[in-house]
J.: 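Just dropping this structure here.
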Amino acid sequence: METLSVLVVLPLLAAVAVMLPFGVRWQYAVGALTLITLSAVSFFSFTLSGTYLFAPWMQHLIVLFDVVLLGYFFAVGYRAHRPSVYLLAALQLLLYAGAEMLIPEAHGATLNLDNLSRVMFLIINPVGGIIIVYAVRYLQDETMQAGRKRLFLAYLFAFLSVMNLLVLADDLMLFFFLFEMTTLASFLLIGFRGDETARANAFRALWMNQIGGVMILLGVIASLSSGGGAAFSGLAASGWL
């Protein structure tokens, strides 16, 4: 799993690097290098295998981050007078609390490399890398400040990192957290211009993604309530992969 950590860590490092005020050529260089490296590691992943178990303190941290994230969705929806957003966020918080109470004590969040995640790497990284390189050119026609343009690229790199981690998730609650992280990334990217149209589209995407989050939590609770605790020993063990 050490080699695969490149797929998660490198985009985050690229997000930091692209925030440096070195101009468009630097942004192209960071994007191209990241695209080439991630694509190569994605192809190389077919020769790898492995499982990573999160430490208990990391699992508690994930729960904390998830609650904060759902609280953020509630707050932004409430401030913007978007009932569809803050009501769905409140529902998610209630369902999340119920799911956590039902999770077996022996539950442990894991990452697992399997054939599905390998194929997804080959889709996420080459396509995502090309999109980021294209975005460098696309942003040149925008009238926003240079710092804002760099921030947009940083969001794209962070999104790429979360997507790579998401397809490794071998635990339903970890999968839910990463799904919500992609929801956050989509919300920030779609509404980035800050005008009324962008904000309206961002909130529309947010509540639509929140419905997906509600469905995930309902599935988790249904599986646990019916004695399906094995789902939390790994998606592979429950027959998903």
J.: Determine whether L160 and L38 make a side-chain contact, defined as any pair of heavy atoms from C-beta on separated by less than 4.5 Å.
T.: yes
J.: Side-chain contact test, heavy atoms from C-beta onward, threshold under 4.5 Å: evaluate it for I124 versus V167 and give yes or no.
T.: yes
J.: Should E142 and R148 count as side-chain neighbours, where that means a heavy-atom distance under 4.5 Å?
T.: no
J.: If you group Ile, Leu, Val, Met, Phe, Trp and Tyr by side-chain heavy-atom gaps below 4.5 Å, do I131 and F159 land in one group?
T.: no
J.: Is a side-chain donor or acceptor of S161 paired with a backbone partner of F157 at a separation under 3.5 angstrom?
T.: no
J.: Heavy atoms only: give me the nearest A89-L70 pair and the separation to one decimal.
T.: CB-O, 3.7 Å
J.: Evaluate the side-chain proximity of L206 to Q210: yes if any heavy-atom separation is below 4.5 Å, no if none is.
T.: yes
J.: Going by atom type alone, with no hydrogens or angles, which donor-acceptor pairs under 3.5 Å involve a side-chain atom of residues 71-85 and a protein atom two or more places apart or on another chain?
T.:
none

J.: Can you check whether L111 reaches L174 side chain to side chain, under 4.5 Å on heavy atoms?
T.: yes
J.: Using a 6.0 Å cut-off, check whether atom CE of M58 has over 12 heavy atoms from anything other than its own residue.
T.: yes
J.: Would you check if there is a donor-acceptor pair between the side chains of T110 and D171 at a distance under 3.5 Å?
T.: no
J.: Step through the shown structure and confirm whether more than 12 heavy atoms of other residues, nucleotides or ligands are within 6.0 Å of CD on Q145.
T.: no
J.: Would you check if the distance from the ring center of F187 to the ring center of F203 is below 6.0 Å?
T.: yes
J.: Check for me whether the distance between the ring centres of F175 and F177 falls short of 6.0 Å.
T.: no
J.: Which heavy atom in A198 sits nearest to a heavy atom in R193, and how many Å separate them?
T.: CB-CB, 4.1 Å
J.: Hey, could you give me the CG/CG distance between L88 and L93, rounded to the nearest 0.5 Å?
T.: 11.0 Å
J.: How close do V162 and L178 get, counting heavy atoms only, and between which atoms?
T.: CG1-O, 3.7 Å
J.: When rounded to the nearest 0.5 angstrom, what distance separates CD1 in I221 from CD1 in I216?
T.: 12.5 Å
J.: Taking only distance into account, with no hydrogens and no angle test, what donor-acceptor pairs under 3.5 Å do side-chain atoms of residues 7-16 form with protein atoms, sequence neighbours excluded?
T.:
none

J.: May I have all residue pairs that pass side chain to side chain donor-acceptor pair (under 3.5 Å) and include part of residues 122-136, sequence neighbours excluded?
T.: S42-N125, N125-N164
J.: In the structure I gave you, are the side-chain heavy atoms of L95 and Q92 within less than 4.5 Å of one another anywhere?
T.: no
J.: Less than 4.5 Å apart, side chain to side chain, heavy atoms only: is that true for F176 and V220?
T.: no
J.: Does a side-chain heavy-atom distance below 4.5 Å link L87 with W207?
T.: no
J.: Give, for atom OH of Y138 and atom CG of L153, the distance between the pair rounded to the nearest 0.5 Å.
T.: 12.5 Å
J.: Check the pair Y28 / R137 against side-chain contact (heavy atoms from CB on, under 4.5 Å), numbers first and verdict last.
T.: CA-CA 9 Å; Y28 274 124; R137 170 64 187 87; 3.1 Å; yes
